[in-house]
Amino acid sequence: MKRDLELLETLTPLYAKQNKRQKRLFGGIYPNENNALRGSAQGWAYYITGAYARSLGMRLGPPNAEDDTEDQDDSTKTVWTQGSRFCFSEGSMMYDTPKCRQVWREALKCISEQVQVTSGTPAVPAAYKRYRYTDADVKKAEAKGEELTSQGWKVELIHNPNAHKWNWFLDKYYPRNPGFVRFKVQKPNSSKTGLGQPVFYTTTQDDFVRMLITGDRECMT
């Protein structure tokens, strides 16, 4: 659990110059010889398998890919990597035990709660770009900075008087959008014949993944 929480923090900075996808997947999920994902997230509060790869930001692609484009999975590529474009959406359902895979009347005797996502929007990683200017174009750099600021970007104008050509650098940062998830939690009724009344929650995609790891709903934003 600790390693996966650390990985989650690495993947979800508010601002970042790079969003490199990670070679390590969330713990316990791994590709077999045919590149199909197997296993489940070990130590997590909920039973999560490779079936949730896309929702968890896992993709097939180049080993050093950036996490700034939403590429479709490509079975001709050979490397699974871990990104942060979490996208749990309507219909996603999970339980706190692998015994949920039994016939439903038997599963009800084993599960403590069911989590079902009712709606959601994907998380989008932080964005970064650098513009280069000469001394003669510093006014253009300043104007561009004002324009980007009005659009919600965080900008930084840097002067390097010793540079051979480009003396001014305008760095623009756009903060991570953690998306949102609305979900409901239901527990089996006292007779274990069905589910009780739902309790609804709304949080970010990032905090939803954290909740799946820890089971803690008190710290959700």
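Because only heavy atoms are used, hydrogens play no part in the values below, and waters and symmetry mates are left out as well, while side chains stay in.
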For the residue pair D216 and R210, establish whether any side-chain heavy-atom pair is separated by less than 4.5 Å. no
Gap separating the OH atom of Y46 from the OG atom of S112, nearest 0.5 angstrom: 9.0 Å
Side chains of L37 and T49, heavy atoms from C-beta outward: is any pair under 4.5 Å? no
Return the minimal non-hydrogen interatomic distance between K187 and E113, and the atom names on each side. NZ-OE1, 2.8 Å
Answer yes or no: are there more than 12 heavy-atom neighbours, outside K192 itself, under 6.0 Å from its atom NZ? yes
CZ/R3: more than 12 non-hydrogen atoms of other groups inside 6.0 Å: no
Heavy-atom side-chain contact between Y131 and L148 under 4.5 Å: yes
Is there a side-chain contact between P122 and R85, using heavy atoms and a 4.5 Å cut-off? no
Would you check if L157 and W168 make a side-chain contact, meaning some heavy-atom pair closer than 4.5 Å? yes
Given T81, which of R24, R21, Q22 fulfils the side chain to side chain donor-acceptor pair (under 3.5 Å) condition? R21
Can you find a side-chain donor-acceptor pair between Q151 and T149 that sits under 3.5 Å? no
Shared ILVMFWY cluster between I213 and L7, side chains joined below 4.5 angstrom? yes
Y15 OH to W153 CH2 distance, which is reported to the nearest 0.5 Å: 10.5 Å
For atom CD of E90, decide whether the heavy atoms of other residues, nucleotides or ligands shown that lie under 6.0 angstrom number more than 12. no
Whether E33 and R38 form a salt bridge (side-chain N of Lys/Arg under 4.0 Å from carboxylate O of Asp/Glu) is what I want to check. no
Whether over 12 other heavy atoms sit under 6.0 Å from E6 CD: yes
Reported CD1-to-CE distance for the pair I48 and M94, which is rounded to 0.5 angstrom: 4.5 Å
Side chains of S84 and R176, donor plus acceptor under 3.5 Å: yes
Heavy-atom pair with the smallest gap, counting every atom of L60 and N35: CD2-ND2, 3.8 Å
Using a 6.0 Å distance limit plus a 45 degree cone around the ring axis, check whether K140 lies over the aromatic ring of Y133. no
Return the CD1 to CD distance between I111 and E106, rounded to the nearest 0.5 Å. 12.0 Å
Aromatic rings Y173 and Y128: how do their planes relate, parallel, tilted or perpendicular, breaks at 30° and 60°? tilted
L56 backbone acceptor or donor facing Q82 side chain under 3.5 Å: yes
Cluster overlap Y201 with F86, hydrophobic side-chain contacts below 4.5 Å: yes
Using the benzene-type ring in the case of Trp, are the ring centres of F208 and F183 under 6.0 Å apart? yes
Ignoring hydrogens, what is the shortest heavy-atom contact between M58 and F26? Give both atom names and the distance. CE-N, 3.9 Å
Identify the heavy atoms of T10 and P13 that sit nearest to each other, and give their distance. O-CD, 3.5 Å
Verify side-chain contact (heavy atoms from CB on, under 4.5 Å) between V155 and E146, making sure each step is shown before the conclusion. CA-CA 9 Å; V155 300; E146 292 176 1; over 6 Å; no
For the hydrophobic clusters of this structure (ILVMFWY residues joined by side-chain heavy atoms under 4.5 Å, transitively), does one cluster hold both V181 and L5? yes
Side-chain heavy-atom pair V209, F88 within 4.5 angstrom cut-off: yes
Sidechain-backbone polar pair: N189 side chain, S191 backbone, donor-acceptor under 3.5 Å: yes
Could you report the tightest heavy-atom contact between G196 and Q186, atom names first, then the distance? O-NE2, 2.9 Å
Within-4.5 Å side-chain heavy-atom neighbours: R217 and V185: yes
In terms of hydrophobic clusters joined by side-chain contacts under 4.5 Å, are Y30 and M1 together? no
Could you verify whether a donor N or O on one side chain and an acceptor N or O on the other, from T12 and D206, lie under 3.5 Å apart? no
Is any side-chain heavy atom of R130 less than 4.5 Å from a side-chain heavy atom of I158? yes
Could you give the distance from CG (D4) to CG (L25), rounded to the nearest 0.5 Å? 10.0 Å
Tell me whether K17 is salt-bridged to E156, with the criterion being a basic N under 4.0 Å from an acidic carboxylate O. no
Flag yes if M211 and V117 sit in one hydrophobic cluster, no otherwise; membership is Ile, Leu, Val, Met, Phe, Trp, Tyr, and two members link when side-chain heavy atoms are under 4.5 Å apart. yes
Distance in Å, K154 NZ paired with Y174 OH, rounded so as to fall on 0.5 Å steps: 14.0 Å
Tell me, with the steps shown, if W166 and T134 meet side-chain contact (heavy atoms from CB on, under 4.5 Å). CA-CA 5 Å; W166 309 108; T134 63; 4.0 Å; yes
Check whether any side-chain N or O of D137 sits under 3.5 Å from a backbone N or O of A141 as a donor-acceptor pair, and report yes or no. no
Which heavy atom of Y47 sits nearest a heavy atom of S40, and at what distance? CE1-CB, 3.8 Å
